[in-house]
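Predicted model, so just to flag it, every value in this text is computed and none were measured.
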Amino acid sequence: MYYLKNRILLLQACLPALAMALFYLKDASAVNNVNLSIMAVSCVIFVVVPMMAKKFLKNTDEYILPLICFLCSISLIMMLRLKVSLFYAQFRWIVIGMVLMFITIKFADKLLQLLDYPYILGLCAIIIIGSVIIFGTEIGGGLNWIIIGPFQIQPAEFSKLLILGFLATYLQENKNMLNLPNRHWIFLYLPPLRFLAPLVMIWGIALLIFVYQRNLGFALLFFGMAVMMTYAATSNKSYIFLAAVFFILASIFSYMMFGHVRVRVEIWLNPWADPMGKAYQIVQSLFALGYGGFFGTGFFHGSPELIPIVYTDFIFSAIGEEFGFIGVISVIMAYLLIFFRSAKIAFACVNEKYKLLSFGIAGTMLLQAFIILAGDTKLIPLTGITLPFISYGGSSMLSEFIAIGLLLAINAREKNRA
């Protein structure tokens with residue numbers, strides 16, 4: 001693993017510099033001193049930050065941050081390729097995110113005390129999600145954003161951290177009661193309704209708000225988070241069955257009630273019915289992945305710009321086209337390694353709240369990556385959600401770094417206690 005860590009550090013330092021050199025060969029006039037400076041600084045940051053974290057937290061995981069910096073370097077490379085005007089903005093969000101990560105680590109003890117107030121966390125999450133209905137602005141067909149001056153904020157990215165905190169504490173405090181077989185129906189073993197009600201209420205309200213906002217990606221993500229953490233806390237398969245039934249019924253209801261849900265499903269089932277209209281994005285995504293093959297078309301030799309808004313929802317397709325299967329599998333392996341290292345942190349925790357929160361952070365990141373990868377490849381209907389640490393977006397980048405800061409702080413805290 002030490003060998004792997006050093007190779008990742010070397011790779012993420014070299015990738016941005018190599019990308020800038022290729023960019024210069026492609027269009028020398030587009031390479032200015034600002035872009036060169038940003039790329040040089042990023043090469044240094046992606047090596048220095050993991051080293052700083054190692055000094056700052058002596059007893060924490062040494063491999064998660066190098067892998068995240070690798071994903072961030074891919075992000076900068078793709079911004080340089082897809083939309084140069086977003087290159088500086090994405091670099092800025094990465095730097096701010098890293099600063100927030102260290103601030104989170106510094107004040108982790110105070111932040112983790114908020115876990116003692118699960119219902120407040122859950123209520124705040126619902127308020128933040130619902131605030132978009134009152135103050136939000138519709139962008140790209142979804143009511144997901146609040147605009148404050150020059151900034152566009154996606155509140156759902158931050159509310160997921162509050163939901164994770166609520167679930168970790170509520171499930172830990174009520175684990176025994178949730179496993180109590182008070183009601184037995186066929187093969188289902190369920191606890192008293194009063195212990196299920198808060199959990200179901202949080203699920204239901206969040207899902208309804210997201211569907212109303214046309215934010216299907218977060219509806220699926222939040223539902224998956226709740227099911228994943230409930231099963232992790234209880235090991236009760238009855239909850240998996242109930243979740244499947246709830247999901248099917250909610251999907252049928254949403255399909256019947258909301259036109260935008262019907263459009264997404266129709267595009268998923270048969271994108272070739274309207275390849276130049278509603279299904280244009282997914283069709284171009286499939287073409288891009290097909291053209292990439294095993295080795296890819298080469299950096300700056302593909303046509304990912306044909307996919308609308310490629311730098312957010314379809315950045316995985318752009319990677320697949322120009323870097324091929326090798327690039328795709330590298331990104332997937334990075335996410336899997338981050339998940340396995342994060343899960344290892346969770347399993348090592350003695351404190352049950354920290355164990356569930358750590359597992360929730362690990363599982364949510366992997367689930368979010370799966371949702372967007374599955375949507376881009378037409379495995380599931382397209383949901384419109386960011387690829388963690390790669391897609392363009394400040395809200396996503398900041399919330400992910402805060403989550404990683406909590407994860408690393410929990411790891412160091414538990415190791416020091418041991």
Side-chain angles (χ1 to χ4, degrees), residues 15-32 34-36 38-39 42 71-94 139-142 145 152 217 264 267 271-272 274-328 330-332 369 372-378 382-394 396-397:
L15 278 177
L18 180 60
M20 183 59 78
L22 293 173
F23 186 41
Y24 178 82
L25 294 174
K26 178 70 176 180
D27 186 6
S29 62
V31 178
N32 53 43
V34 174
N35 289 339
L36 285 172
I38 291 172
M39 195 58 81
S42 67
L71 295 176
C72 289
S73 69
I74 296 293
S75 177
L76 286 180
I77 289 170
M78 296 313 297
M79 291 307 117
L80 192 67
R81 168 65 182 93
L82 301 172
K83 196 166 185 178
V84 181
S85 60
L86 297 179
F87 177 63
Y88 169 71
Q90 188 73 338
F91 171 76
R92 178 189 63 197
W93 291 125
I94 290 172
I139 298 177
W145 304 87
Q152 297 176 359
R264 293 288 179 91
I267 290 171
W272 309 108
D274 189 15
M276 299 303 294
K278 296 176 182 178
Y280 183 76
Q281 276 185 308
I282 188 62
V283 167
Q284 291 299 322
S285 173
L286 294 174
F287 278 138
L289 290 168
Y291 286 140
F294 191 82
F295 294 104
T297 60
F299 196 50
F300 279 105
H301 289 280
S303 302
E305 63 276 359
L306 294 177
I307 308 173
I309 323 179
V310 64
Y311 46 86
T312 54
D313 298 352
F314 289 93
I315 198 164
F316 179 75
S317 302
I319 294 171
E321 180 174 3
E322 299 207 334
F323 296 98
F325 176 78
I326 294 175
V328 163
S330 298
V331 170
I332 293 174
I372 188 61
L373 267 58
D376 287 358
T377 55
K378 210 179 84 65
L382 186 65
T383 56
I385 198 171
T386 56
L387 187 60
F389 296 109
I390 295 182
S391 293
Y392 175 76
S396 174
M397 193 67 72

Report summary line: Looking only at heavy atoms, the pair that brings Phe314 and Pro308 closest together is CD1-O, 4.2 Å
Query - From CG (Leu286) to OG1 (Thr377), nearest 0.5 Å - result: 8.0 Å
Requested in this report: List the steps, then state whether side-chain contact (heavy atoms from CB on, under 4.5 Å) holds for Met78 with Leu86.
Outcome: CA-CA 10 Å; Met78 296 313 297; Leu86 297 179; over 6 Å; no
Requested in this report: Determine yes or no for a side-chain-to-main-chain donor-acceptor pair under 3.5 angstrom, with Gln284 supplying the side chain and Leu306 the backbone.
Outcome: no
**Report entry** Side chain to side chain, Leu82 and Pro304, heavy atoms closer than 4.5 Å
**Finding:** yes
Query raised in the report: Between Ser285 and Leu289, is a side-chain contact (heavy atoms from CB on, under 4.5 Å) present by the stated rule, with each step listed?
Result: CA-CA 6 Å; Ser285 173; Leu289 290 168; 4.3 Å; yes
**Report entry** Pairwise distance CG(Asp376) to CD1(Ile307) - rounded to 0.5 angstrom
**Finding:** 8.0 Å
**Report entry** Qualifying salt bridge (Lys or Arg N to Asp or Glu O under 4.0 Å) pairs with a residue from residues 285-296, counting only residues at least two apart or across chains
**Finding:** none
Query raised in the report: Considering all heavy atoms of both residues, which atom of Lys278 and which atom of Asp274 are nearest to each other, and what is their separation?
Result: N-OD2, 3.0 Å
Report task. Anything under 30° is parallel, anything over 60° is perpendicular, the rest tilted; go ahead and classify Phe287 against Tyr291. Result -> parallel
Query - Exercise: identify the closest heavy-atom pair between Val84 and Leu80 - result: CG2-O, 3.5 Å
Query - Approximate separation, where rounding is to 0.5 Å, of Ile315 CD1 and Arg81 CZ - result: 11.5 Å
Query raised in the report: Do Leu387 and Leu373 have side chains that get closer than 4.5 Å, going by heavy atoms?
Result: yes
Requested in this report: Using the test ring-ring contact (aromatic ring centres under 6.0 Å, His included), find all partners of Phe325 that sit at least two apart in sequence or belong to another chain.
Outcome: Phe294
Requested in this report: Supply the atom-to-atom distance Ile390 CD1 to Ile77 CD1, rounded to the nearest 0.5 angstrom.
Outcome: 10.0 Å
Report task. Step by step, work out the side-chain contact (heavy atoms from CB on, under 4.5 Å) result for Phe87 and Met39. Result -> CA-CA 10 Å; Phe87 177 63; Met39 195 58 81; 3.4 Å; yes
Report summary line: Closest non-hydrogen contact found for Val310 with Ala318 is CG2-CB, 3.9 Å
Report summary line: In Ile332, Ile326, Val331, the residue satisfying side chain to side chain contact (heavy atoms under 4.5 Å, CB included) with Val328 is Ile332
Requested in this report: Answer yes or no: is there a side-chain heavy-atom contact under 4.5 Å between Ile282 and Arg264?
Outcome: no
Query - Smallest separation among heavy atoms of Ser317 and Ala288, with atom names - result: O-CB, 4.0 Å
Report summary line: Separation between CD (Glu321) and CD (Glu305), nearest 0.5 Å, reads 7.5 Å
Requested in this report: Measure the OH-CD distance between Tyr311 and Gln90 for me, rounded to the nearest 0.5 Å.
Outcome: 11.5 Å
Query raised in the report: At their closest point, which heavy atom of Leu76 faces which heavy atom of Ser42, and how far apart are they?
Result: CD1-CB, 3.7 Å
Report task. Kindly write out the residues that satisfy side-chain hydrogen bond (donor to acceptor under 3.5 Å, both in side chains) with Thr386, not counting sequence neighbours, or none if the list is empty. Result -> Glu157, Gln368, Ser396
Requested in this report: Going by the ring-ring contact (aromatic ring centres under 6.0 Å, His included) test, name the single residue among Phe316, Phe300, Phe299 that passes it with Phe323.
Outcome: Phe299
**Report entry** Over 12 non-hydrogen atoms of neighbours within 6.0 angstrom of OH in Tyr280
**Finding:** yes
